[in-house]
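First up is the structure itself, then whatever we jot down about it.
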Amino acid sequence: MGMALFTILGALAQLERELIRERVMAGLKNARAKGVRLGRERKRNDVLIQSLLTAGLSFREVAKIAKCSHGSVSASKKEMLAGKIAVGYRRLNSSKKCR
């Protein structure tokens, strides 16, 4: 008797969880369609950080000036390098097509 009760309760809990998940996904899709920005707002100033890094300052100095952690400076530099690599790769591919 106890095993059957737990099986039924488990099935109901799973059904309820799926219903909640469907409602949340529908709400997120609706918000995206309306143009709502989802997620946490970025606080770090990437333009300032990247300009200070190109000026040759160290991560700690940049972090002190930009009032953020040196981990944020590192992440910003990674994004900057990834963007430059992507731009360079696109330029390389476009120049190969022209030949």
Side-chain angles (χ1 to χ4, degrees):
M1 177 70 180
M3 189 67 141
L5 180 66
F6 281 119
T7 303
I8 293 169
L9 288 176
L12 288 175
Q14 188 175 2
L15 174 69
E16 181 65 25
R17 180 69 189 123
E18 285 298 316
L19 291 174
I20 291 170
R21 184 178 183 277
E22 287 176 11
R23 285 195 303 263
V24 168
M25 295 303 284
L28 289 173
K29 185 177 177 183
N30 187 20
R32 284 189 194 104
K34 290 180 180 178
V36 175
R37 267 195 67 166
L38 302 173
R40 185 172 175 264
E41 185 180 332
R42 275 196 155 171
K43 297 290 184 182
R44 72 174 186 237
N45 187 349
D46 284 331
V47 176
L48 174 65
I49 292 171
Q50 290 173 5
S51 65
L52 292 172
L53 284 173
T54 54
L57 284 117
S58 71
F59 280 21
R60 302 254 179 210
E61 292 169 335
V62 172
K64 191 177 285 188
I65 294 169
K67 295 181 182 151
C68 62
S69 69
H70 72 281
S72 291
V73 175
S74 176
S76 183
K77 182 176 181 180
K78 236 183 222 180
E79 288 175 6
M80 179 178 67
L81 292 176
K84 283 185 180 178
I85 290 169
V87 168
Y89 182 73
R90 277 188 241 126
R91 285 184 188 155
L92 182 66
N93 282 344
S94 64
S95 65
K96 284 183 181 178
K97 290 178 185 176
C98 294
R99 291 181 188 176

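The structure presented is a predicted model; accordingly, all values stated were derived computationally and were not measured.
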Rounded to the nearest 0.5 Å, what separates atom [atom1] in [X] from atom [atom2] in [Y]?
{"X": "T7", "Y": "L12", "atom1": "OG1", "atom2": "CG", "value": "11.0 Å"}
{"X": "I49", "Y": "N45", "atom1": "CD1", "atom2": "CG", "value": "6.5 Å"}
{"X": "L48", "Y": "K67", "atom1": "CG", "atom2": "NZ", "value": "10.0 Å"}

For V47, the hydrophobic cluster (side chain heavy atoms closer than 4.5 Å, chained through members) also holds none
Would you say F6 and L15 are hydrophobically clustered, going by side-chain heavy atoms of ILVMFWY under 4.5 Å? no
Over all atoms of both residues, closest heavy-atom pair of F59 and K77: CZ-CD, 3.6 Å
Heavy-atom closest pair, residues R44 and A75: NH1-CB, 3.8 Å
Could you point out which residue of E16, R21, R17 forms a side-chain contact (heavy atoms from CB on, under 4.5 Å) with L19? E16
Is the closest side-chain donor-acceptor distance between S72 and S69 under 3.5 Å? yes
Under 3.5 Å: donor-acceptor pair, side chain of T54, backbone of Q50: yes
Does a sphere of radius 6.0 Å around CD in E18 hold more than 12 heavy atoms from other residues, nucleotides or ligands, not counting ones at 6.0 Å or beyond? yes
